[in-house]
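In what follows, a single structure is set out as structure tokens and then discussed.
Just so we're on the same page: letters track the sequence lines, and every chain starts at 1. All of these numbers come straight from a predicted model, not from anything done at the bench.
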Amino acid sequence: MQKPQESESKGEGKEVLREKLKRKLALVEAALYVAGRPLSLSDLCSILKTQSKDKAKKIVEMLAREYANRNTAIEILELKDERYVMQLKSEFAPYVKKLIKRPLLSPGPLKTLSYIAIRQPISQKKVIEVRGRHAYTHIKVLKEMGLITIEKRGRSAMLRTTDYFADYFGLSRDITTMKRELKKILERETSEKSQMEDA
Amino acid sequence: MQKPQESESKGEGKEVLREKLKRKLALVEAALYVAGRPLSLSDLCSILKTQSKDKAKKIVEMLAREYANRNTAIEILELKDERYVMQLKSEFAPYVKKLIKRPLLSPGPLKTLSYIAIRQPISQKKVIEVRGRHAYTHIKVLKEMGLITIEKRGRSAMLRTTDYFADYFGLSRDITTMKRELKKILERETSEKSQMEDA
Amino acid sequence: MSIEVKKPFYLRPPWNILFELHKLEKISPWSINIAYLLMSFLEEMKKMGQIDFRASGVALDSSAFIYLMKTKLLLKLQEPPKPPKVILDYVPPPLIVPLRHELTSTTIRHLLEVLDEVLKNETILINRFEKTSMRPILPDPSVIVPQVEYYLMEIEIQMERLYATLCNMVKGSGIIEFSKLIKGLPRLEAIRTFILLLFLAQREKVGLWQDENSGEIFITIGGLNAEAPRI
């Protein structure tokens, strides 16, 4: 009571701090929820408008603990290289699978994407040659969705898949390894198919 | 102590019931999380493996209350015709919008969409006249995303929004009701905007 | 001198279009086959055994004019279409998109299924490409579109060169016969020289006069210009 003003302002400060923390937790939750993919600490920093990765890390780990304590169907996990993801606990997947109806992409753009993935880095010109002129729109959509990058090189443009693409399909982020993985699965599928057709 | 067995089983029963309830809440949460669109009580019944819509309603409303009490970034809303949806509270949208990798979001096509919605059924010709030639691309994109249907009638084409559109924006599937709802939302937005501009 | 002059063949259809340009106002220049007209014009003249350079010059000038008209029409076609009339109607503001997480159903399996199809298509395309073995579908654009600017630039230089030669030949001023000027030159070169002379005459650098009987053209240079009758 000696310094009532200060103590009062401290009390206020605590309240404000708690509200601020709550808001930060909500912002990280919002980010993880709408992104639907792993976010890096840099991503979270930019949402929290802070430059301190430590601060961002504290917030997201606090949120992850909160989710763990609630023990419901959704979890927040830390992945390798300090990325965080909100996801459905896998044990619930079989029960709700039938509700997942929306494809990532319609067949046209998906075809173009698969072609870029296996032939990357590939020039836009070549993609158009093989896939036709409508592929211009596909490339635009794929770029907007963050599935590919377009790198201008003089008059030509080179296309590559992004880390997001690799993460989505559970493939290696290293392009050489990814292409090997894709080819391996493709060969296995083709041989399985031909065996089935032979049978 | 007269009926120890019974009382024991009752105690067990409570524990079991609590666990069962928790699991049901988690199932509904899982369903709403993966669907990303409003789910009807029938949808929830099929996930909960019950035929009682009342039971399903109780569970989802309990979950909605829980979310409301937590007061974070995500909410569960009840829409018209007893449908429920999980979504980000709109106040958080501006902060995390940039993390979304879906191509729907540019204002041009959205404007064309809201115009079609409020004037439907409307001819493609009329939409082009009002919105300009670039609206051809908008119409194509909206069609691809399953938000509108194009019905050929001789040489003209009539545009309408789909049920998916109604679900996506949390509007009634009945066109007359939807238009009324839309007008209300859009009027509110316009007046909010003009207030902001006046301020 | 005969009073009744027989109408020359080229004033009859189809060649008359080259000599009566006012008729062009009524027809599309694209319906005129310049190559055919000029070829048949030359053949016809050859049959008659008499080369009329005046008619040839006019025919050439008209052809160039028709060609220019065609080019202008082409350029006109390339003008962007007028923007469609915008009809005013209340356009509501864009709808606010609710942000929801939604799992998508596309798996690596779907990706590979379509990849298989795309690769098959790629193989077909490569085979087709190899079969056609780089044969160009269209001729080189320079074959279709003559390099007008280059030609015009070139013509200035050629004119200067010819004028210098002429001045040199007459040592300042004098008269030269056309046949002497083109002696030993190949036919095409002779025609080119004639066209250059027409340009020079148009700029009043030289005078041209043709003898009715022999058909010989006399070129007057220098101070003789003023008195020389024009063609």
Side-chain angles (χ1 to χ4, degrees), chain A residues 22-37 39 43-44 46-49 63 66-67 70-74 86-109 134 137-138 140-147 162 164-165 168, chain B residues 19 22-40 43-44 46-49 63 66-67 69-75 86-106 109 136-137 140-141 143-147 164 167-168:
Chain A
K22 217 177 160 197
R23 184 165 172 80
K24 281 177 190 164
L25 285 168
L27 272 174
V28 171
E29 188 185 34
L32 291 171
Y33 173 73
V34 299
R37 65 192 152 93
L39 294 179
D43 292 328
L44 296 177
S46 98
I47 297 297
L48 290 168
K49 295 205 168 57
L63 187 72
E66 202 189 274
Y67 266 73
R70 277 174 62 220
N71 189 23
T72 61
I74 307 168
M86 180 188 279
Q87 62 182 31
L88 187 75
K89 284 183 186 161
S90 57
E91 61 198 89
F92 287 94
Y95 303 101
V96 292
K97 229 174 164 178
K98 58 181 171 186
L99 293 170
I100 307 172
K101 283 179 183 164
R102 190 173 69 90
L104 176 70
L105 291 161
S106 54
H134 53 282
T137 322
H138 300 168
K140 203 173 151 245
V141 169
L142 297 171
K143 168 78 172 31
E144 276 175 7
M145 292 180 74
L147 290 162
T162 57
Y164 171 53
F165 168 84
Y168 183 93
Chain B
E19 277 306 306
K22 220 179 157 191
R23 185 168 170 77
K24 281 175 189 165
L25 285 168
L27 272 173
V28 171
E29 188 184 33
L32 292 171
Y33 176 72
V34 301
R37 62 174 195 278
L39 295 178
S40 66
D43 293 327
L44 296 177
S46 99
I47 297 297
L48 290 167
K49 296 205 166 59
L63 186 72
E66 202 189 275
Y67 265 73
N69 290 337
R70 277 176 63 222
N71 190 22
T72 60
I74 307 168
E75 61 187 356
M86 180 188 280
Q87 65 186 31
L88 188 76
K89 284 183 186 161
S90 58
E91 61 200 86
F92 287 94
Y95 304 101
V96 293
K97 233 173 173 173
K98 58 180 172 188
L99 293 169
I100 300 167
K101 306 210 153 165
R102 253 175 291 155
L104 170 71
L105 304 160
S106 62
Y136 275 119
T137 323
K140 204 173 149 246
V141 170
K143 169 80 172 27
E144 270 176 14
M145 299 204 56
L147 290 165
Y164 175 63
D167 289 352
Y168 196 93

Legend entry - From NZ (B:K89) to CD (A:E29), nearest 0.5 Å: 8.5 Å
Legend entry - Approximate separation, where rounding is to 0.5 Å, of B:L99 CG and A:D43 CG: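 Here the rounded value is 6.5 Å.
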With a 4.5 angstrom heavy-atom cut-off, could you sort out which part of [X] is near chain B: side chain, backbone, both or neither?
X: A:K98; result: side chain
X: A:K143; result: neither
X: A:Y95; result: both
X: A:L39; result: side chain

In terms of heavy-atom pairs under 4.5 Å, which option from [options] contacts chain B the most?
options: A:L104, A:V96, A:I47; result: A:V96
options: A:K101, A:K140, A:K49; result: A:K101
options: A:T72, A:L25, A:V28; result: A:T72

Legend entry - Portion of B:R37 that has a non-hydrogen atom of chain A nearer than 4.5 angstrom: side chain
Legend entry - Side chain, backbone, both or neither of B:T137 within contact of chain A (heavy atoms, under 4.5 Å): neither
Inset, instruction - Please tell me if the side chains of B:K22 and A:N71 come closer than 4.5 Å, counting only heavy atoms from C-beta onward. - result: yes
Inset, instruction - Report yes if the side chains of B:F92 and A:R23 come closer than 4.5 Å at any heavy-atom pair, otherwise no. - result: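 In short, these two side chains touch, coming nearer than 4.5 Å.
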Inset, instruction - Say whether, by atom type as modelled, one donor and one acceptor occur between the side chain of B:N69 and the main chain of B:E66 under 3.5 angstrom. - result: no
Legend entry - Nearest non-hydrogen partners of A:Y33 and B:M86, listed with the distance: OH-O, 3.2 Å
Inset, instruction - Identify the heavy atoms of B:S90 and B:P94 that sit nearest to each other, and give their distance. - result: O-CD, 3.6 Å
